[in-house]
Amino acid sequence: MSTRQARNIDGLFFSAMAYRKAIGFVGVDQLGFEMACKAIRHGYHVQAFEVNDPIIEELVKLGGVRCSSPSEAGRDVTALIVLISHIEESNDLIFGDVGALKDLKSDTVLILRSTILPSFLQKLEKDLAEIHEIAYVVDAYVSYGRSDALHGKVTIVSSGRLDAIARARPILSVMCEKLFTFEGEIGGGSKVKMVTMMLEGIHFINSVEALALGAKIGIHPWIIYDIISHAAGNSWAFENYVPLLLKGEANHQILNNFFKELEIILNMGKSLTFPLPILASTHLQLIQGVSLVDSGDDVTTLIKVWEKVYGVKISDAANADAYSPEQLASEFTTDSKSGIRVGFVGLGAMGFGMATHLLSSKFCVVGYDVYKPTLTRFANAGGLIGNSPAEVSKDADVLIIMVTNEAQAESALYGEYGAVSALPQGASIILSSTVSPAYVSQLEQRLRNEGKNLKLVDAPVSGGVMRASMGTLTIMASGADDALKSAGQVLAALSEKLYIIKGGCGSGSGVKMINQLLAGVQIASAAEAIAFAARLGLNTRLLFDFVTISGGTSWMFENRGQHMIDNDYTPCSALDIFVKDLGIVTRESSLWKVPLQLSTIAHQLYLAGSAAGWGRIDDSGVVKVYEMLTGVRVEGKLQARRKDVVLHSLPPEWPQDHVLDIQTLKESSSKILVVLDDDPTGTQTVHDIEVLTEWTIESLIEQFRKSPKCFFILTNSRSLSSDKASTLIKEICRNLDAAAKSVDNIDYSVVLRGDSTLRGHFPEEADAVVSVLGEMDAWIICPFFLQGGRYTIEDIHFVDDSDMLVPAGDTEFAKDASFGYKSSNLRDWVEEKTNGRILASSVASISVQLLRKGGPNVVCQHLCSLQKGSICIVNAASERDMTVFALGMIKAELTGKRFLCRTAASFVSALMGIISKPPILPNDLGISRERNGGLIVVGSYVPKTTKQVEELKLQCGQFLKSIEISVEKLAMSPIEEREEEISRTAELADVYLKAHKDTLIMTSRNLITGRTAAESLDINFKVSSALVEVVKRITTKPRYIIAKGGITSSDLATKALGARCAKIVGQALAGIPLWQLGLESRHPGIPYIVFPGNVGNCTALAEVVKSWTCPIRHTSTKEILNNAEKGGYAVGAFNVYNLEGVEAVVSAAEEEQSPAILQIHPGALKQGGIPLVACCISAAEKASVPITVHFDHGTSKQDLVEVIDLGVSSVMVDGSHLSFNENAAYTKFISLLAHSKNMLVEAELGRLSGTEDDLTVEEYEARLTDVNMASKFIDETGIDALAVCIGNVHGKYPASGPNLKFDLLKELRALSLKKGIYLVLHGASGLSKELVKECVNLGVRKFNVNTEVRKAYMDSLIAPKNDLVHVMASAKEAMKAVVVEKMHLFGSAGRA
């Protein structure tokens, strides 16, 4: 974006600022009047055009302004709301000579209050944009809420493009109690109204069908109403329309309204080729009703219409004497004869709960079920069991039949080993299965014919498995008085609500049948409505939320609709149950000749679902019939999206990098940023900042006096309960306030750093801050965290998982036992976490589009325009987005605004202008030479951590020692077992660390949670405190510590290591903080890596451990000699023959911090073989200083090839005994082979006299190195180092002393510099210090040392020793002394 474009945007915003508090209305009805009143109360200027005098006059009294035309109403307003009842109105109101567009500015939000067809609204939006350049248009469906919480309150459904909705949301939210926004094309409000009216209309006709059938079978309509309005068959339509119908107060207008609205919806269905069978059947009955009204028949009230439709005198039944079923029940249970022995047939899910509850109520219960494992389970619960219905019926006072259907009931009573034959005289049978009233009536007669005075109670139940086990079912019982009295106490024990229905056996089943009629149709209609909504392109989850507060809701919609949008068909009640239950309804309707069209259609849908194989899934699975037929998906869950596609779809980033601007503003400001971090992982993106683990006033005063730009306070509040976290935050804020006042009233601001996956104490901690520091202008919610793969786009928070952006609410983090949540949309998340105190519709947001197109100035202006006390979400998809927002917020603060930010780690670094730096490695902190093992402690239990630990063990198992500590023993076992587990772990870890082994202590991976969030936190505390105790007892100082998990890392730092302050050095890996602990801690300066549980891919932990583990050195001889050349010193190559020699050289090198070369002579190779070479290589790799292995005087090709294959660092090819050409050819052959493995090659030109390892060169054979021949030799062989002969000898020098030719050495030095090779001098033993130093000055970089070291070894053997180990120790020390002396002489000491 150009500077000019940016200025234009700023200008538009400032222009908007002048009139941002004005809202215009064109057309004001009662709902519009209430919207206007709310706007006035929120400080908006309201101006309105309305021809209805009384309503506009009332508005003027409240402070509104009357306008003479639509154009005047639209003048200088932020938003203009136009009420359009009919399509024809839009031309005059919007486009007329004095229409709304005349004085409307292009950036005004135009809100079309209308539910006309979506297609018309979409065309209107297009015309407004293309012809009139009106950029921001949304629609709004305004209605009154129907739920208990929102009854009579204004609710708004709005839809439109994202940018238009973003502008309209803050305005609409102040004018309603609840706002629903559908982002996308306009017309969503009209579509939502369609779905709502569709459900309300179906429920209305469904209620009438239920009344008709109930009246026909003799059940009082008011009894039906009283029972159903508290049962699963209830709906808003049933509860509100039925009383009007029964009282004769419902007028024909209801009929006409439904008739017209449903016709529009059916036409929409036709245009979309979407079947709506239940709606079509509803409409047919409405047509029949309307035709009766128009025919002139005697249908003065609406109930009369339906009496003619169904042929049932509903009003007569309603006017009959009523009674109270609950009062009647109390009479029978009070005066009942209790049965002390109960037989129970049918121990399914419901039956088992009922039977076990009777056991707990002190009844003797004998149970039977065809499924044998259930009998065993019942016996374990304390029940008696029988092998047949007959066996459990013997001696039973009361027999309960709780089977699936009539056929099973028939078999239990009259089949082989049936109950009837075994029941004693006068026993009572309670039939609780859902069966037809006709079957019950027939059964009662058959039992009378048995001649045993058997009594039958018809008692179907409702309420589900949980309520069955708790004895809180709803039971609708009917039967003869003596039967009811004999079974009364059993019925009372099983029920919370017991209704006694008059009319004899069958009446109870009649009421249950009516309930099932209503519930079955409601589930099927919910399926039809939600599937239709999906076809309309609506967000089904958002639609579901709206329907639940509207006239379209029902108990079944709210319960089963949730299953549909969650795509969760775990059976609560199987689909086949409604195949049976609605089968009963249709059979009874046929028997009584009552035409129940909705029930019949719904039954067919359930049959279709069962035929498709879905009979055993949840009954909400009937929606799959619609999915199968139409191809829609009703699931309302946000889908995971490809990260590259999502990020590519966003606008280009804001072109300017403002990090330096932020740094400049921060440098000029004295305000200190105090970050309250709820666990240590919040330091993931900063460096060179201090973190405090205590917050006394004294420590805060000390920190303020340092005048830092920022510091962290580690609260670790995520490990606390909500109440304790709030108390802690208040204490810290009070201390901050007191400390600031003690240091010349220093200025500071507070940021609450929280989890990027939304876990933690929100809003409790924010409330706590405000309670101490005062109200803020706005709360900022910003969980973006690039290093952790957390993105916020279109207000939805995503977690990156394998390059897929997964909505946060669908991740394992959302299932956290203490801080779980469902919402991925942050506006919904705020409402969810505040339990509705802050509505989603009232939450503002800053979009990625605003950040990338508007820049910091527009962010500033947006923040300044927020209502005081607002909550604002920050969307972000890159670090640049965060920088733009941070600068905008800083500018807003400079105007005097105060913000409280609840953010992830990226926000802090953006706000401070911190530039990231590469990961910190051991060399950066100077600890690469320390040898103790590192300690890795894993307490985090999230699945990501488990995967990372598995990968760590896979990649590092060869050097890593693992100790698993049992969570069950720590948290669930007796104190003795806990103590034993802690001691075992600490002792073992201590041993490993002392042995230089990196050690992993990990909690067992089986997740143990409590029954409540508080119990889960308590378990976490027990585990964390045990890890603290383990680390406390480890006496060895680790080389480094990695603490995995927020609570773990906090507790180990503060409680186990006693750290009160630490410096944030940087990151060990992106998003993984690295601290150095303060001087007061147990291990001052120790690198402490805070590894969050939810950060990094599966290899991240292994990568960090590998970079921090004691590295295997791969130093080359060439590197050692190159450093010597640069430093002007030489390196000793010490011949070694055994373990003592190797240890002497390595020990000396480490103590003197000197590089060194372990040198193996052919004679030593002959004796020591491969083990000697392996010993040298291993020692070199594990040394803390650069050490390499060199093979010297290789006169045999076989020896040289062997050691090259064994992996030495360098070789000396000795062809000095050969002619020049033979030597060159021999050396070249080995050189090519060694160079292929990156080994340095040394050769000798000239020949030394003397003896070394039994190899003797006579003086007459020795010769000096010729410079010219050396030049040719180097060129032909490609060697890297040249051993020169300048008068030096192997072994001892003659009595006259060495006679070194320094002039020759100077010439060779010049040659070496020209050719880029290193000079080597053999025969260093016996040379004086002065000669050695002169050789070093003249360019010798490697001295071979053998004789003096060997002599020290041999001399040490002379004195007698008590044991062989003493011999080894003495020899090692003797050789080491010589090596140390030579290192100082060569100048290599201190050069490592």
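For the single chain, residues carry numbers from 1 onward in sequence order. No hydrogens, no waters, no symmetry mates; every other heavy atom, side chains included, goes into these values.
The side chain to side chain donor-acceptor pair (under 3.5 Å) check on Asn539 picks up nothing, with sequence neighbours excluded. For Lys891, the side chain to side chain donor-acceptor pair (under 3.5 Å) partners at least two apart in sequence or on another chain are Asn857.
Between Trp1075 and Tyr1088, the ring-plane angle classifies as tilted under the 30° and 60° cut-offs.
Taking the six-membered ring for Trp and the full ring otherwise, the centers of Phe784 and His797 sit at least 6.0 Å from each other.
Of all heavy-atom pairs spanning Glu832 and Gly820, the tightest one is OE2-O, 4.5 Å. Of all non-hydrogen atoms in Met889 and Phe899, the two that sit nearest each other are CG-CD1, 3.7 Å. Closest heavy-atom contact between Ser824 and Pro807: OG-CB, 3.2 Å. Counting all heavy atoms, side chain and backbone alike, Val1090 lies closest to Pro680 at CG1-CB, 3.6 Å. Summarising the geometry of Val157 relative to Gly189, their closest heavy-atom pair is CG1-CA, 3.9 Å, with the distance given to 0.1 Å.
Residue pairs meeting the salt bridge (Lys or Arg N to Asp or Glu O under 4.0 Å) criterion with at least one member in residues 671-681, sequence neighbours excluded: Asp677-Arg753, Asp678-Arg718, Asp678-Arg753, Asp678-Arg902, Asp679-Arg718, Asp679-Arg753.
For the pair Cys710/Val686, no side-chain contact is recorded, criterion being any heavy-atom separation below 4.5 Å from C-beta on. Within the 4.5 Å cutoff, side-chain heavy atoms of Val858 are placed close to those of Gln861. Side-chain contact between Ile781 and Phe762 is present, with at least one heavy-atom pair separated by less than 4.5 Å. Using a 4.5 Å cut-off on side-chain heavy atoms (C-beta onward), Val830 and Arg827 make no contact. Put simply, the side chain of Lys709 does not reach to within 4.5 Å of the side chain of Leu673, judged on heavy atoms.
Under the salt bridge (charged side-chain N to carboxylate O under 4.0 Å, His left out) test applied with Asp800, the options Arg642, Lys944, Arg790, Lys643 reduce to a single match, Lys643.
With Glu653 contributing its side chain and Ser878 its backbone, the two residues share no donor-acceptor pair below 3.5 Å. Not one N or O on the side chain of Glu950 forms a donor-acceptor pair closer than 3.5 Å with the backbone of Thr945. At least one donor-acceptor pair under 3.5 Å links the side chain of Arg880 to the backbone N or O of Trp654. In terms of modelled atom types and a separation under 3.5 Å, the side chain of Ser842 and the main chain of Ser173 share no donor-acceptor contact. Side chain of Thr540 to main chain of Val634: a donor-acceptor pair is present (N/O by atom type, distance under 3.5 Å, no hydrogens or angles). No donor-acceptor pair under 3.5 Å is formed between the side chain of Gln787 and the backbone N or O of Gly1071.
Under the 3.5 Å distance criterion, with hydrogens and angles disregarded, no donor-acceptor pair is assigned to the side chains of Ser749 and Glu893. Residues Ser823 and Asn825 bring no donor and acceptor atom of their side chains to less than 3.5 Å of each other.
A salt bridge links Arg837 to Asp767: at least one charged side-chain nitrogen sits closer than 4.0 Å to a carboxylate oxygen.
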